[in-house]
Amino acid sequence: MLSVCLCHAEQAYGEVNQLGGVFVNGRPLPNAIRLRIVELAQLGIRPCDISRQLRVSHGCVSKILARYNETGSILPGAIGGSKPRVTTPNVVKHIREYKQGDPGIFAWEIRDRLLADNVCDKYNVPSVSSISRILRNKIGNLSQPSQYENVKQQSSQPTIPYNHLYQYPYPNPISPGSTKVGSHHPGVHVPTGHCQHSQVLAISPFCQ
DNA sequence: TTCGTGACGGTTGAA
DNA sequence: CATTCAACCGTCACG
């Protein structure tokens with residue numbers, strides 16, 4: 001019971017599951033635990049045992065392991081936000097082109113051109129304020145915004161990959177979070193490294 | 001017994 | 001600035 005690392009006031013709150021484990025409803029498990037799940041699995045421990053040992057539901061263990069096998073990342077998916085409704089990648093691309101062709105162009109002019117060029121129709125053309133926001137947020141310095149349209153990659157490496165404020169113990173920069181496809185060696189690439197020799201089960205190499 | 005799955009109640013964050 | 005709402009979360013229970 002008192003083996004859990006409550007080091008700090010951390011997120012000592014939350015709810016307790018059937019196995020006695022602490023979790024925060026709606027929030028991802030801490031990276032430290034996600035990492036342990038993968039590590040134990042690589043050690044040959046069965047998912048059902050991992051579940052009991054870490055007190056994480058087997059459904060969750062199953063999900064995290066499956067995701068790791070697929071993407072090579074232990075990180076949770078991107079939560080929140082909303083998909084572009086009118087601001088599709090294609091629209092953004094055109095706006096960028098218009099802006100590059102005429103840096104002094106007004107948002108309303110861009111809007112007109114989107115319609116004129118049939119990039120959008122009157123039902124899905126972005127509002128002028130949306131266009132302004134696009135110019136500000138996505139285009140900003142139109143110096144050399146990389147030609148390729150990495151549809152959803154662009155926001156993956158601004159600063160820290162995940163949770164800057166959320167009080168998760170962040171032991172190490174697991175997989176860079178973004179370039180998931182990079183390591184397609186599931187089962188060879190667990191970013192251990194810091195778990196020296198001490199038994200992997202020690203729960204608090206990184207409290208705090 | 002183990003494990004995949006999906007409903008559920010929850011949080012997040014770009015638009 | 002506040003609101004929307006679709007994305008993801010982990011747990012639980014079923015099969």
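Every chain is numbered from 1 and lettered A, B, ... according to where its sequence line falls, protein lines coming before strand lines. Note that the structure is a prediction, hence the values are computed from the model and not measured.
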Distance check needed: C:dC9 P versus A:Arg67 CZ, whole Å only.
4 Å
Which distance, rounded to the nearest 0.5 Å, do you find between the CG of A:Asp112 and the CH2 of A:Trp108?
6.0 Å
Roughly, in whole Å, what's the span from CD in A:Gln18 to C1' in B:dC8?
14 Å
Once you round it to whole Å, what is the distance between P of B:dC3 and CG of A:Asn69?
13 Å
Just how far, in rounded Å, is P of B:dG10 from CG of A:Asn17?
17 Å
Nucleotide of B:dT12, C:dT11, C:dC12 approaching A:Ile79 most closely (side-chain heavy atoms):
B:dT12
Any idea which of C:dT11, B:dT12, C:dG10 is nearest the A:Arg34 side chain?
C:dG10
Report the distance from atom CD of A:Glu15 to atom P of C:dC9, rounded to the nearest whole Å.
17 Å
Phosphate-side-chain proximity, A:Arg52 and B:dT2, N/O vs OP1/OP2 below 4.0 Å
yes
Are the side chain of A:Ser62 and the backbone of A:His58 linked by a donor-acceptor contact shorter than 3.5 Å?
no
Of A:Val125, A:Val119, A:Ile110, A:Ile131, which meets side-chain contact (heavy atoms from CB on, under 4.5 Å) against A:Val91?
A:Val119
Quiz question: going by heavy-atom distance under 3.5 Å, is there a donor-acceptor pair between the base of B:dA14 and the side chain of A:Ser82?
yes
Report the residue (A:Cys60 or A:Ser130) whose heavy-atom-nearest nucleotide on DNA chain B is the more 5′ of the two.
A:Cys60
Does the side chain of A:Ser57 get closer than 4.0 angstrom to OP1 or OP2 of C:dG10 through an N or O atom?
no
Does A:Arg67 use its side chain to pair, donor to acceptor, with the backbone of A:Ser73 at less than 3.5 Å?
no
Just the rounded figure in Å: distance from P of B:dT11 to CZ of A:Phe23.
12 Å
Which of C:dC9, C:dG10, B:dT5 is nearest the side chain of A:His58? It is B:dT5
Roughly, in whole Å, what's the span from CZ in A:Arg27 to P in C:dA7?
17 Å
Give the nucleotide from the list B:dG4, C:dT11, C:dG10 with an atom nearest to the side chain of A:Lys63.
C:dG10
Check whether any side-chain N or O of A:Asn25 sits under 4.0 Å from OP1 or OP2 of B:dG9, and answer yes or no.
no
Let me know the distance between CG of A:Leu65 and P of B:dC3, rounded to the nearest Å.
10 Å
